[in-house]
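Notes to accompany the following structure.
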Protein chains: 2
Amino acid sequence: MKIIEEFLESKDIRVTAMRLLIYKFLAEKQVAVTLSDIENAFEKADRTTLYRTIKTFEEKDIVHQIGDGTGITKYALCEKGCNCEIETDLHLHFHCNNCNETICLTEHKIPQIKVPDGFVSENVNLVVKGICDKCSGQ
Amino acid sequence: MKIIEEFLESKDIRVTAMRLLIYKFLAEKQVAVTLSDIENAFEKADRTTLYRTIKTFEEKDIVHQIGDGTGITKYALCEKGCNCEIETDLHLHFHCNNCNETICLTEHKIPQIKVPDGFVSENVNLVVKGICDKCSGQ
DNA sequence: CAATAAATGCACTTCCATTGCATTGGTTAT
DNA sequence: ATAACCAATGCAATGGAAGTGCATTTATTG
């Protein structure tokens with residue numbers, strides 16, 4: 001817990017009880033979560049607080065947003081190897097069509113994508129859909 | 001126009017004036033459009049009709065949906081080379097951060113993405129973001 | 001302890017997606 | 001041709017998620 005506090009401070013994020021809890025929640029989750037997921041986990045807290053906390057985390061580059069095609073934006077902690085603050089970083093995510101969970105595959109880099117002449121690639125969003133390891137193992 | 005009629009019939013879609021117009025609209029557009037775009041183009045028609053028409057087109061595999069990260073779903077006609085009814089087809093789209101338009105790059109195939117053991121890849125959604133040819137040429 | 005600034009909570013708004021139901025319009029069978 | 005039927009359309013309403021304004025609480029600083 002102390003470690004989290006120091007980490008947040010190092011990222012220029014003021015430490016509050018709520019923020020510690022939300023960070024802890026994200027860290028324990030192995031998958032990307034929606035705002036509703038967080039909401040359900042902290043029913044005492046107001047939705048706005050959770051929303052703004054996530055936004056703060058995003059601005060300070062410790063959380064990144066994922067659009068996995070479900071229409072609902074999900075969030076995940078940036079881990080080692082996730083350089084999402086860098087525009088050219090490739091975000092590879094896996095969305096399970098069975099359990100509906102989205103997982104960060106930060107260790108799986110993808111090759112540079114070629115685009116036609118005249119187009120300038122700044123950022124790539126790649127979502128692989130299928131069956132995750134938990135669901136395929138059943 | 002006769003060609004469109006025959007095409008729709010061949011896809012098991014009942015031909016109506018509205019459907020012909022919407023198909024024509026999509027065919028003329030070179031970019032993926034939102035429901036609002038269609039709505040603006042056909043102010044006389046009801047939003048629901050446009051919505052359901054697009055859904056019908058989707059079910060019959062002549063239109064596919066694109067989530068480009070803007071949060072608003074876009075739609076585009078499936079063209080030659082677009083086999084979006086096939087699960088393993090790779091959808092490559094380009095989203096311009098300047099003009100906000102999304103373009104289908106069906107001719108640009110991308111290599112098979114490797115996923116970790118236990119994961120089964122069924123479908124890949126790839127959106128490249130940057131500046132499109134029109135905007136970069138300014 | 002006072003003054004200030006940030007964080008939280010509440011209420012409200014907006015936008016898009018979606019559905020139920022009534023109505024219209026086109027197709028088919030008698 | 002007409003009745004019966006089913007699909008398409010239009011209208012109204014709902015729901016969910018994102019986002020904003022403002023009051024209040026909490027924390028920090030002088």
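Each chain gets a letter, A, B and so on, in the order its sequence line appears, and its residues count up from 1.
- Close approach of DNA chain D to chain B, defined as any atom under 4.0 Å from a non-hydrogen atom of the protein, starts and stops at D:dA7 to D:dA12.
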Write down the protein N/O and nucleotide N/O pairs, taken from nucleotides 15-19 of chain C, whose separation is under 3.5 Å; answer none if there are no such pairs.
unit_1	atom_1	unit_2	atom_2	d
C:dA17	OP1	B:T73	N	3.3
C:dA17	OP1	B:T73	OG1	2.5
C:dT18	OP2	B:Y51	OH	2.6
C:dT18	O5'	B:Y51	OH	2.9

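- Using a 4.0 Å cut-off on heavy atoms, the residues of residues 5-17 of chain B that approach DNA chain D are B:R14, B:T16, listed by number.
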- [ ] Starting from the C-alpha separation in whole Å, work towards a yes-or-no answer on side chain to side chain contact (heavy atoms under 4.5 Å, CB included) for B:L26 and B:I54.
- [x] CA-CA 10 Å; B:L26 290 172; B:I54 284 288; 4.1 Å; yes
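- Sorted by residue number, the members of residues 18-32 of chain A with any non-hydrogen atom under 4.0 Å from DNA chain C read A:M18, A:R19.
- Residues A:E101 and A:K134 are in side-chain contact: their nearest non-hydrogen atoms beyond the backbone lie under 4.5 Å apart.
- Among pairs with a residue in residues 30-61 of chain B, those fulfilling ring pair (Phe, Tyr, Trp, His ring centres under 6.0 Å) read B:F25-B:F42, at least two apart in sequence or across chains.
- By the salt bridge (charged side-chain N to carboxylate O under 4.0 Å, His left out) test, A:E79 pairs with no residue at all, sequence neighbours left out.
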Open item on the list: Under the criterion side chain to side chain contact (heavy atoms under 4.5 Å, CB included), I'd like the reasoning laid out for A:C132 against A:I103: C-alpha separation, chi angles, the key distance, then a yes or no.
Closed with: CA-CA 9 Å; A:C132 74; A:I103 303 163; 4.2 Å; yes
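- A continuous path of Ile, Leu, Val, Met, Phe, Trp and Tyr side chains, each step under 4.5 Å between heavy atoms, connects A:M1 with A:Y23, placing both in one hydrophobic cluster.
- In the helix from C:dC1-D:dG30 to C:dT30-D:dA1, the end axes, each obtained as the rotation axis mapping the C1' atoms of four pairs onto the next four within a five-pair block, lie 20° apart to the nearest 10 degrees.
- For the salt bridge (charged side-chain N to carboxylate O under 4.0 Å, His left out) test, residues two or more places apart in sequence or in another chain that qualify with B:R47 are B:E39.
- Between B:I13 and B:I62, the closest side-chain pair of non-hydrogen atoms falls below 4.5 Å.
- Contacts of A:E5 classified as salt bridge (charged side-chain N to carboxylate O under 4.0 Å, His left out), with partners at least two apart in sequence or in another chain: A:K2.
- Applying the side-chain hydrogen bond (donor to acceptor under 3.5 Å, both in side chains) criterion to B:N125, with sequence neighbours excluded, gives no partner residue.
- When A:V120, A:L126, A:V115 are each tested for a side chain to side chain contact (heavy atoms under 4.5 Å, CB included) with B:V128, only one passes: A:V115.
- Not a single salt bridge (charged side-chain N to carboxylate O under 4.0 Å, His left out) links B:K114 to another residue, sequence neighbours left out.
- With rounding to whole Å, A:L50 atom CG is found 14 Å from C:dC10 atom C1'.
- Under the rule for a side-chain contact (heavy atoms from CB on, under 4.5 Å), the partners of A:E9 that lie at least two apart in sequence or sit in another chain are A:V15.
- Proximity of B:T56 to B:R19: side-chain heavy atoms (C-beta onward) are separated by under 4.5 Å at one or more points.
- Ion pairing between A:E28 and A:K24 holds under the 4.0 Å rule for side-chain N and carboxylate O.
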